[in-house]
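Each ligand, and each atom within it, is numbered from 1 in the order the structure gives.
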Amino acid sequence: MSKAPVRVAVTGAAGQIGYSLLFRIASGEMLGKDQPVILQLLDLPQAQKAVKGVMMELEDCAFPLLAGMVATDDPNVAFKDADYCLLVGARPRGPGMERADLLTANGAIFTVQGKAIAENANENVKVLVVGNPCNTNAYIAGAAARKVGRTNPNNYHGMLRLDHNRALSQLAAKTGRPVSSLKKMVVWGNHSPTMYADYRFCTSNGDSVKALVNDHAWNNDVFLPTVGKRGAAIIDARGLSSAASAANAAIDHMHDWALGSDDWVTMGVPSDGSYGIPAGIVFGVPCECKNGEFKIIQGLEIDEYSREKINKTLGELEDERAAVADMLK
Ligand SMILES: NC(=O)c1ccc[n+]([C@@H]2O[C@H](COP(=O)([O-])OP(=O)(O)OC[C@H]3O[C@@H](n4cnc5c(N)ncnc54)[C@H](O)[C@@H]3O)[C@@H](O)[C@H]2O)c1
Ligand SMILES: O=C(O)C[C@H](O)C(=O)O
């Protein structure tokens, strides 16, 4: 007996991340090789022809799991009965910009879309905000949804998984250990250069990664800035912001949330008040996923160095929250 299709809404379907994302969703990489999907694609009116082109290519792949497609510029149509929403549609930054510079332009997108999701999607919808600045945009979408009710405000996430994956690859290179051996990594806070990639709990085949590295100067002066500024480094190298690696991270986030994680994963979730993070702030924290639910790993020791790093990225998110307060009235 094959499974009934689930509805996956993707915004920014005509964009570069969308182009790296949609084919992998349709092939089963996000929700499993036994889960049929219906893609509900949202983009701006002027991008609808380009969306149709992407749909033509999706058709031409003859994906067995692709049970249907909808293209629209209407959020109410895009999010109708959606089980999963990937909110990618937003302006990317260019060289010399910080992600927070996008807040005014992109923030307004997420009040509209958070409301539309809450009014139209499945009550158990899982929402991942990729559009930057993704933490505060997820906060905006969740706040708009909370006004409507129906959906779970804790299910409006910001994507920190690209940072998590970047940290793992940097540690694999430093230690010479396979990236698959690295467990218990976390990137705390904001998807910005203030993020705190915390390797204190990370292990490789039972060995402490911190002990394998044994170099706090490398951690502070190389590892943290390399991970924190990787987005800008890619823009400098490509002339465009990351796309395939971002799509991969979105696949990872939703896959693990839907099907379970076998390790800690970093998710940008509304804080439950733990670790001194004010409730509601969308903050990168270590999570485990099981049976379609995520759970914040509790009780981790936060030493003085880590508290300073966490406070810095928290302060930035509190400033961003204050900057959008009028948007949420
Ligand atoms: N969180 C992360 O780790 C991460 C990683 C990479 C990129 N990003 C962000 O993802 C976003 C998209 O990046 P991209 O490279 O795909 O950009 P892009 O410019 O290639 O594509 C953006 C797409 O979104 C569409 N769009 C704009 N406003 C929309 C709206 N209101 N509704 C629906 N669609 C809309 C555009 O028409 C375009 O097709 C950017 O904000 C970028 O900064 C985040
Ligand atoms: O850096 C950017 O603007 C794109 C994205 O957030 C990234 O981290 O690659």
| said: Considering Leu44, Asp43, Leu41 one by one, which has a heavy atom nearer to atom 37 (O) of ligand 1 than any of the others? | reply: Asp43
| request: Identify the protein heavy atom lying closest to atom 20 (O) of ligand 1, giving its residue, its atom name and the separation to 0.1 Å. | output: Gln16 N, 2.9 Å
| message | Evaluate Asp263 against Ser261 for side-chain hydrogen bond (donor to acceptor under 3.5 Å, both in side chains), listing each step before the verdict. | response | CA-CA 5 Å; Asp263 180 26; Ser261 64; over 6 Å; no
| query | Between Arg7 and Asp83, is there a salt bridge with N-O shorter than 4.0 Å? | reply | no
| query | Just which atoms of ligand 1 are under 4.0 Å from any heavy atom in Gly131? | reply | 10 (O), 11 (C), 41 (O)
| query | Do you know which two heavy atoms are closest between Leu42 and Pro75, and how far apart they sit? | reply | CD1-N, 3.8 Å
| request: Tell me which part of Arg230 gets within contact of ligand 2: side chain, backbone, both or neither, using heavy atoms under 4.0 Å. | output: neither
| request: Report the part of Arg91 (side chain from C-beta onward, or backbone N, CA, C, O) that has a heavy atom under 4.0 Å from ligand 1; answer both or neither where that applies. | output: backbone
| Taking atom 5 (C) of ligand 1 as the reference point, the nearest protein heavy atom with its distance | Ala246 CB, 3.5 Å
| Residues Glu119 and Lys115 bridged, charged N to O under 4.0 Å | yes
| request: Using a 4.5 Å cut-off on heavy atoms from C-beta on, say whether the side chain of Val269 contacts that of Asn154. | output: no
| remark: protein heavy-atom neighbour closest to atom 16 (O) of ligand 1 works out as Ile17 N, 3.1 Å
| 4.0 Å heavy-atom contact, Asn132 with ligand 2 | yes
| The one among Ile234, Leu160, Val130, Asn106 that brings a heavy atom closest to atom 9 (C) of ligand 1 | Val130
| request: Taking only heavy atoms of Cys134 into account, list the atoms of ligand 1 that are under 4.0 Å away from them. | output: 1 (N)
| task | Identify the heavy atoms of Glu29 and Arg24 that sit nearest to each other, and give their distance. | result | OE1-NH2, 2.8 Å
| field | Protein heavy atom at shortest distance from atom 2 (C) of ligand 1 | value | His191 NE2, 3.3 Å
| said: Checking the N or O distance criterion of under 3.5 Å, is ligand 1 in contact with Gln113? | reply: yes
| query | Does any N/O atom on Leu102 come nearer than 3.5 Å to any N/O atom on ligand 1? | reply | no
| Nitrogen or oxygen of Ser242 less than 3.5 angstrom from that of ligand 2 | yes
| task | Could you tell me which atoms of ligand 2, counted from 1 in the order shown, lie closer than 4.0 angstrom to a heavy atom of Arg93? | result | 1 (O), 2 (C), 3 (O)
| atom 35 (C) of ligand 1 - nearest protein heavy atom and its distance | Gly89 CA, 3.7 Å
| query | Measuring from the heavy atoms of Arg166, does anything fall under 4.0 Å of ligand 2? | reply | yes
| request: Note the single closest protein heavy atom to atom 11 (C) of ligand 1, along with its residue, its atom name and the distance in Å. | output: Val88 O, 3.3 Å
| Proximity flag Ala243 to ligand 1, non-hydrogen atoms under 4.0 Å | no
| task | Within a distance under 4.0 Å of any heavy atom of Gly231, pick out the atoms of ligand 2 and give their elements. | result | 1 (O), 7 (C), 8 (O), 9 (O)
| query | Atom OH in Tyr84, atom CG in Leu128: separation rounded to 0.5 Å? | reply | 12.5 Å
| said: Is any side-chain heavy atom of Ile310 closer than 4.5 Å to one of Ile302? | reply: yes
| said: For atom 19 (O) of ligand 1, what's the nearest protein heavy-atom neighbour? Residue, atom name and distance, please. | reply: Pro92 CD, 3.4 Å
| field | Minimum-distance pair of heavy atoms, taken over all atoms of Trp188 and Asp198 | value | NE1-OD2, 2.9 Å
| message | List ligand 2 atoms under 4.0 Å from Ser241, heavy atoms only on the residue side. | response | 4 (C)
| Just checking, is any N or O donor in the side chain of Asp303 or Ser306 under 3.5 Å from an acceptor N or O on the other one? | yes
| request: Please write down residue, atom name and distance for the protein heavy atom closest to atom 6 (O) of ligand 2. | output: His191 NE2, 2.6 Å
| request: Would you check if there is a donor-acceptor pair between the side chains of Glu123 and Asn152 at a distance under 3.5 Å? | output: no
| query | Hey, is the main chain of Glu301 close enough, under 3.5 Å, to the side chain of Arg200 for a donor-acceptor pair? | reply | yes
| said: At less than 4.0 angstrom from any non-hydrogen atom of Leu162, what atoms of ligand 1 do you find? | reply: 3 (O), 5 (C)
| remark: Closest non-hydrogen atoms of Thr72 and Gln48, given as atom of the first, atom of the second and distance, are O-NE2, 3.1 Å
| note | Among Ser20, Gly231, Gly268, Ala90, closest by heavy atom to atom 22 (C) of ligand 1 is Ala90
| field | Shortest protein contact, atom 23 (C) of ligand 1 (heavy atom only) | value | Gly12 CA, 3.7 Å
| field | Electrostatic pair Arg161-Asp256, nearest N-O below 4.0 angstrom | value | yes
| In terms of the angle between their ring planes, are Trp257 and His157 parallel, tilted or perpendicular, with boundaries placed at 30° and 60°? | parallel
| field | Per-atom contacts of ligand 1 with Ile109, taking only distances under 4.0 Å to non-hydrogen atoms | value | 28 (N), 31 (N)
| Test item: Trp264 and Leu300 side chains (from C-beta on) under 4.5 Å apart, heavy atoms | yes
